[in-house]
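Below: one structure, written as structure tokens.
All heavy atoms count here, side chains included; hydrogens, waters and symmetry mates do not. Throughout, a chain's letter reflects where its sequence line sits, starting with A, and its residues are numbered from 1.
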Amino acid sequence: MTDPTHVIHSQQLTKTFGKVRALDGLDLAVRPGEVHGFLGPNGAGKSTTIRILLGLIRATGGRVELFGADPWRDAASLHGRLAYVAGDVALWPGLTGGQCLDVIGATHGRVDERRRADLIERFELDPTKRIRDYSKGNRQKVALIAALAAGADLLILDEPTSGLDPLMEQAFQNCVRERRDAGVTVLLSSHLLDEVEALADRVSIIRRGRTVTTGTLADLRRNSRTSVHAVTTEEPGSLAHAAGVADYVSERLDGHVDIRFTIDAHHLDAMIGTLHAARIHTLTVAPPSLDALFLRSYGDAPEARATAATFAENTR
Amino acid sequence: MSADHPAAGPHTQGLDTMIGIVWRTRRRGILIGVLALGGSLIGTAAAVAGLYDTPSKIHTYAAAVTAGSALAAINGHVEGIDSLGGVIQDEFGFLASFLLPLLGIALVAGSTRREEESGRLETILGGRITRHQPVLAALLVAAAAILGMSVLFAAGLVVCGVPVSGAILYSAALGALAFVFAGLAALLAQLVPHTRGVYTGSLTVLAAAYVLRGVGDTTKSGLALLSPLGWAEKAAPFGDQRWWLLTIPVVAGLAAGAGAVRLAGRRDLGSAVLRGRAGPECASRFRRGPIGFAAWLHLPATAGWLAGAVLLTAMMGALSRQLLDALAGNPALTNAMGVAGDRPLDGFVAATQLYLAVIAAGFLVQAIGTLRAEEAGGRLASRLSGTLSRSRWLFAHGTVILGGLALIVAGSSLVLALSTAWSVGDTGEFGAIVSAGLDYLPAELVLAGVALALFGLWPRGLGFAWAAFAAVAFIALLGPGLNLARWVLDLSPITYVGGPPRGAVDAGSLAALAITAVALVMLGFLGFRRRDLSES
């Protein structure tokens with residue numbers, strides 16, 4: 001099943017470790033040139049999937065293709081086209097950062113030396129320090145620079161920003177966008193919703209080794225609720241019972257009416273009209289965040305709210 | 001430091017808590033270390049007691065080992081060797097010189113700098129623990145473990161029939177030896193930034209102590225008294241019994257420990273006096289390739305094994321003249337040592353080559369253990385996420401390890417041949433000495449095969465390769481002395497080599513060993529190509 005329309009394509013992928021079922025029918029389709037967010041709580045199977053894609057472990061069942069080939073059998077040749085950043089970056093403590101970049105670079109084949117130098121500057125890395133003397137964040141930078149400097153068609157990033165400060169996270173996001181603009185495909189595994197939101201064109205949300213939902217952010221949002229916070233001069237009479245409105249709360253504050261509710265995206269237009277009639281003082285309309293998508297995706301399970309709440313908390 | 005704290009309450013409470021933490025996190029390793037060391041010491045003592053059960057046998061042994069200073073260099077100069085305790089002390093001489101200091105070092109290094117480096121210490125110091133308490137607790141737990149081992153060993157010796165006072169002094173001297181190195185490790189843990197440095201520093205001191213003691217014992221000078229190993233030996237538990245000599249290691253250990261505690265209380269967390277310097281910004285072309293990278297990875301350990309092997313062979317070779325002189329004047333001794341015949345040097349060379357074979361086998365198991373460490377540390381996954389295939393990766397490492405083996409065996413054999421020729425003024429044995437070293441290669445590779453097969457098929461079981469090595473080393477070093485049964489000797493591949501140049505080498509046996517080694521290596525390769533990487 002050679003499939004030129006996808007860089008990564010897995011169907012009904014399973015992997016068991018002894019009695020533990022780490023992947024239980026995972027579907028993942030990543031198209032050329034997109035940044036694909038790969039979301040799920042810890043232990044959902046993100047890293048297991050990535051390790052299968054890299055040919056480090058072998059799938060128990062199902063089908064998986066990388067650039068239309070078998071990632072286990074053709075591991076070494078396929079790796080010429082990708083670069084990888086592990087979630088828990090492991091490097092050689094006795095090498096300097098610069099030496100590590102070169103050693104990793106050598107296994108990728110093509111390294112853009114100009115970009116390497118540029119990235120070292122942007123990430124403010126001292127390449128003459130030994131890995132064992134680096135902080136966790138600096139080790140992460142080494143792995144990121146190595147991957148971003150490689151002339152790869154596909155970047156596989158497994159929770160790449162753990163340990164980076166917000167400034168460096170920003171630098172990372174800019175770099176990923178630049179790579180995407182240069183035509184590189186990116187699989188971005190993360191449990192940081194805002195990071196995925198900032199970068200991803202499409203996302204796949206997985207839980208317990210299964211794909212829960214997948215699509216563009218716009219798709220996912222279309223079926224989710226937008227939250228609205230408005231302060232108006234008068235009470236907008238019919239709004240509480242209007243079509244598509246839920247979670248409606250209003251109170252009087254300092255002579256104004258403070259209203260909060262959520263609404264289906266389809267009914268936004270009518271709602272704005274009603275609010276306008278009540279004379280808007282301030283208005284905040286927040287599109288559904290990935291947090292909300294997550295809550296919805298997990299909504300079918302009994303423990304869903306708890307899981308999603310913990311999950312949302314962990315990402316703060 | 002007590003001025004900073006309210007007198008008793010929280011202060012000692014923190015120490016109690018810290019001791020509890022050290023014990024709970026390390027008790028398995030401590031118990032295994034203490035029991036394994038104590039048990040093997042007692043087991044060997046019992047075997048010696050069973051073998052040398054009459055005064056005349058003990059006398060023959062004593063006469064054999066006191067001839068020439070070659071054995072004194074290795075095992076030490078044992079006072080009162082003409083007794084059961086003396087024989088035991090002599091048999092242990094070599095092993096105890098390394099195992100007890102290693103116990104002390106490992107007990108402390110694992111719960112001081114390693115914890116600091118990993119960041120776990122930071123978590124602990126965030127609680128009600130004062131900065132100096134972790135190292136103090138580590139030292140107290142180490143001292144208790146060493147004391148427990150000493151008591152166990154003393155009891156075992158008494159059961160074997162060694163006089164009580166001698167047994168107690170000997171065990172106490174060995175315990176004090178371990179304690180000195182525990183103190184040293186604690187001090188080094190304050191000075192260097194990484195656990196690795198603690199081990200490197202302590203082992204360097206240990207090697208120097210061993211050489212100092214060896215030179216002191218062969219030249220009969222006072223040099224041995226400068227070495228911690230000499231302090232244990234000169235306490236003469238089965239001779240004059242100098243109890244007062246124990247104060248030296250105890251005071252030295254306490255001083256080093258107190259220095260460590262004081263430094264720990266005053267320095268910044270995560271800081272070290274000796275810091276690493278900046279290194280090159282780029283990797284050389286050679287190091288970027290699979291072979292060059294593997295060579296870089298194995299270089300430090302290989303250099304260490306090579307240094308040990310060269311030290312041993314150079315020392316033995318240089319002492320061969322003295323041995324010949326001792327033999328020339330004493331035909332009875334010649335018979336007792338089993339080196340009769342017109343080539344008296346052969347037995348001596350054969351014994352040295354046996355030690356060298358154990359060193360080479362240890363190198364191989366350790367080097368293959370490095371591969372597993374790369375995998376378990378996640379670095380192998382980084383390595384294989386590029387265009388390097390598994391087979392090429394393993395092949396590159398195999399090539400480098402084989403090169404290291406050739407360097408260690410051929411290099412040390414050459415050193416032995418040269419130093420022997422220099423010492424006796426005759427190059428007649430040159431070829432025989434070198435080829436004896438090479439004859440052991442197939443047997444050594446069988447052990448490498450075992451380790452590699454485990455790596456390929458059952459990576460988590462790689463510890464069994466070390467168990468196999470321990471058995472091989474035990475059989476090689478103590479087997480002949482303890483008159484072990486034939487079938488036990490036959491368990492070790494090294495037995496099949498035949499003990500050249502004294503014994504005859506059977507080409508068929510070597511071929512069989514080589515075929516076994518190749519089969520095991522292939523099994524390892526195939527297994528590794530087919531299995532999942534596992535980091536747990």
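- Counted within 6.0 Å of CZ on B:Phe464, heavy atoms from surrounding residues, nucleotides or ligands total 12 or fewer; the atom is thus considered open.
- Chosen from B:Ser382, B:Ser389, B:Gly378, B:Pro280, the residue pairing most often with chain A at heavy-atom distances under 4.5 Å is B:Pro280.
- One distance of note links CG of B:Asp532 with OG1 of A:Thr48; it measures 10.0 Å at 0.5 Å rounding.
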Go through the steps for B:His194 and A:Arg130 under the test side chain to side chain contact (heavy atoms under 4.5 Å, CB included), then give the verdict. CA-CA 12 Å; B:His194 303 289; A:Arg130 306 256 171 220; over 6 Å; no

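- Among the candidates A:Ala75, A:Ala150, A:Gly94, A:Gly97, the residue making the largest number of heavy-atom pairs closer than 4.5 Å to chain B is A:Gly94.
- For chain B, the nearby part of A:Arg51 is the side chain; its heavy atoms alone come within less than 4.5 Å.
- The closest donor-acceptor contact from the side chain of B:Arg390 to the backbone of A:Leu56 lies under 3.5 Å.
- In terms of non-hydrogen atom pairs under 4.5 Å with chain A, the most contact-rich of B:Glu281, B:Glu117, B:Arg196 is B:Glu281.
- In this structure, no portion of B:Arg392 lies under 4.5 Å from any heavy atom of chain A.
- Distance alone, capped at 3.5 Å, is enough to place a donor-acceptor pair between the B:Thr387 side chain and the A:Thr107 backbone.
- In this structure, the portion of A:Lys15 lying under 4.5 Å from any heavy atom of chain B is its side chain and not its backbone.
- Residues of residues 287-303 of chain B lying under 4.5 angstrom from chain A, judged on non-hydrogen atoms, are B:Arg287, B:Arg288, B:Phe293, B:Trp296, B:Leu297 by number.
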In sequence, state the C-alpha distance, the side-chain angles, and the governing distance for B:Cys282 and A:Glu113, and then conclude on side chain to side chain contact (heavy atoms under 4.5 Å, CB included). CA-CA 11 Å; B:Cys282 292; A:Glu113 290 298 333; over 6 Å; no

Name each donor-acceptor pair under 3.5 Å that joins a side chain in residues 84-93 of chain A to protein atoms two or more places apart or in another chain, with its distance.
| unit_1 | atom_1 | unit_2 | atom_2 | d |
| --- | --- | --- | --- | --- |
| A:Trp92 | NE1 | B:Glu374 | OE1 | 2.5 |

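- The residue among A:Ala152, A:Ala83, A:Ala146, A:Pro127 with the most heavy atom pairs within less than 4.5 Å of chain B is A:Pro127.
- Although no hydrogens or angles enter the test, the distance criterion places no donor-acceptor pair under 3.5 Å between the side chain of A:His79 and the main chain of B:Leu388.
- Per-residue counts of heavy-atom pairs under 4.5 Å with chain B were compared for A:Ile57, A:Ile52, A:Leu54, A:Thr96; the largest is that of A:Ile57.
- B:Ala283 and A:Asp102 get closest at one heavy-atom pair: N-OD2, 2.7 Å.
- When each of A:Asp126, A:Leu95, A:Leu101 is checked for heavy-atom pairs under 4.5 Å with chain B, A:Leu95 comes out on top.
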